[in-house]
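Heads up, the thing below is written out as structure tokens.
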Amino acid sequence: MPPVLDVELRRALAARVRYYNELGIYDFYRRDRAGLESPESAPAVVWTDSSALIPTLPTELREEMPARKPAVVPAVAEENIFEISTPKPEYGVSDPVAALKLIREDLGDCTRCKLHKQGRKQIVFGVGNPRAELMFVGEGPGADEDAQGEPFVGRAGQLLNNMIKAMGLRREDVHIANVVKCRPPGNRTPERDECETCSPFLMRQIAVIKPKVVVALGAVAAKNLLAINAPMSELRGRFYDFLPVGARSSDPSWPGARLAVTYHPAFLLRDPRQKGEAWKDLQMVMKYLGLEPPKKAAE
Ligand code: URA
């Protein structure tokens, strides 16, 4: 079994590789795995504790490291960290429309995970303003989205539209995408391998759009964007600093986004009593973006 890295070690390594990428270094060589796996030469701390790595990071990258939360340490496969060193077609393309087109072309008629042979009609890439300040990320397309090729167009989408309107925005002002771009059969939750295969494309989309705020809709989006495995009650109610893992922004003036977590609209359809809580999350985002709810028409 390949070794599994804890989230903070993974983030520390990702930050380190990003730092080298910014210096123009893309090629990395791994030391012999046999040596690393021997208990004598590789103490357990290497795989479970990122603290040993942090002092070697530049100060500005060190500050990206979140406080340790042992209760929410997820397991993340090792391979992704090294994938981030591969230059992507959109690197150096400053026009987000062109860059998103290049990512879509790179995705192609994707067969990278099993969802491609489980009844998807089409890939649902993303929709909206390519320069949006606000981006919503859901879980994966449902039947309506699969049929129309656009995220959030079914019942949950109607509710999301209302949420966007209540924030004083229009659907075309924001950007909307999902963690997986193909419909999971029967609308089941996307599986870990499917998310891990597809989310690098989402990370690249976010790096191109450079939003000020990303709102993760539901636990699947939150877990995949933040690499944190925690219940919604712990994830909501605060901002996280978010830099897309493995993706490179060509804009030094984009330090990353703030990320907020709220309930998935489909959950709110099932339990409308939670709409007030979701509204609190959106108000936090509105305050940060300087948005006012639309004025009600005079009665
Ligand atoms: N649910 C999602 O998570 N995404 C969609 O696009 C539609 C429903």
Side-chain angles (χ1 to χ4, degrees), residues 96-97 100-101 103-130 132 134-167 169-206 208-209 211 214-225 232 244 259-272 274-275 278 282:
V97 177
L100 287 172
K101 194 159 169 267
I103 299 172
R104 179 65 190 88
E105 280 167 17
D106 193 16
L107 191 58
D109 188 20
C110 187
T111 56
R112 293 169 181 83
C113 87
K114 57 187 178 305
L115 288 180
H116 82 277
K117 52 182 178 194
Q118 296 190 345
R120 78 149 191 234
K121 288 198 178 72
Q122 56 186 315
I123 291 170
V124 180
F125 186 62
V127 72
N129 182 351
L134 176 59
M135 180 159 178
F136 290 93
V137 175
E139 186 174 311
D144 294 314
E145 291 74 22
D146 185 47
Q148 296 184 40
E150 184 171 325
F152 283 99
V153 290
R155 274 189 73 220
Q158 296 312 309
L159 180 53
L160 179 61
N161 290 347
N162 290 341
M163 290 158 71
I164 293 167
K165 203 167 156 195
M167 297 175 81
L169 294 169
R170 299 163 308 164
R171 182 174 163 99
E172 52 276 31
D173 294 327
V174 305
H175 207 95
I176 308 174
N178 283 307
V179 173
V180 297
K181 303 197 181 322
C182 296
R183 183 191 179 198
N187 296 346
R188 67 157 166 77
T189 304
E191 291 171 2
R192 181 174 150 173
D193 61 308
E194 296 157 359
C195 294
E196 284 183 357
T197 306
C198 210
S199 62
F201 290 92
L202 172 66
M203 298 292 177
R204 288 164 61 188
Q205 288 170 280
I206 299 172
V208 160
I209 295 161
V214 175
V215 175
L217 298 168
V220 170
K223 192 169 147 178
N224 279 280
L225 289 168
M232 286 296 284
L259 189 145
V261 178
T262 195
Y263 290 118
H264 193 289
F267 170 78
L268 295 174
L269 289 172
R270 290 194 300 275
D271 187 356
Q274 303 304 325
K275 282 185 182 175
L282 299 182

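The shown structure was predicted, so the numbers you read here are calculated from the model rather than taken from an experiment. One-based numbering along the sequence shown.
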*In Å and rounded to the nearest 0.5 Å, what is the CG to CD1 distance from L134 to I176?*
9.0 Å
*Contacts of F125 that satisfy ring pair (Phe, Tyr, Trp, His ring centres under 6.0 Å) - sequence neighbours left out*: none
*Is the side chain of N178 donor-acceptor paired with the backbone N or O of E139 at a distance under 3.5 Å, no angle test?*
yes
*Sequence neighbours excluded, which residues qualify as salt bridge (Lys or Arg N to Asp or Glu O under 4.0 Å) partners of K101?*
E105
*If a pair satisfies salt bridge (charged side-chain N to carboxylate O under 4.0 Å, His left out) and one of its residues is in residues 106-127, list it, with sequence neighbours excluded.*
D106-R204, D109-R120, K114-E191, K114-D193, K114-E194
*What distance do F136 atom CZ and T262 atom OG1 have between them, rounded to the nearest 0.5 Å?*
9.0 Å
*Going by heavy atoms in the side chains, are Q274 and M232 under 4.5 Å from each other?*
no
*Quick check: does any side chain N or O of Q122 sit under 3.5 Å from a backbone N or O of D146, one acting as donor and the other as acceptor?*
yes
*Answer yes or no: is there a side-chain heavy-atom contact under 4.5 Å between V215 and V174?*
no
*Supply the atom-to-atom distance C182 SG to E145 CD, rounded to the nearest 0.5 angstrom.*
13.0 Å
*How long is the span from the CG atom in L268 to the NZ atom in K275, to the nearest 0.5 Å?*
7.0 Å
*From CG (N129) to CD (E172), nearest 0.5 Å*: 9.5 Å
*Output yes when a side-chain donor or acceptor of N224 lies under 3.5 Å from a complementary backbone atom of V220, and no otherwise.*
yes
*Does H264 reach the main-chain N or O of L217 with its side chain, forming a donor-acceptor pair under 3.5 Å?*
no
*Enter the distance from R171:CZ to L160:CG here, rounded to the nearest 0.5 Å.*
6.5 Å
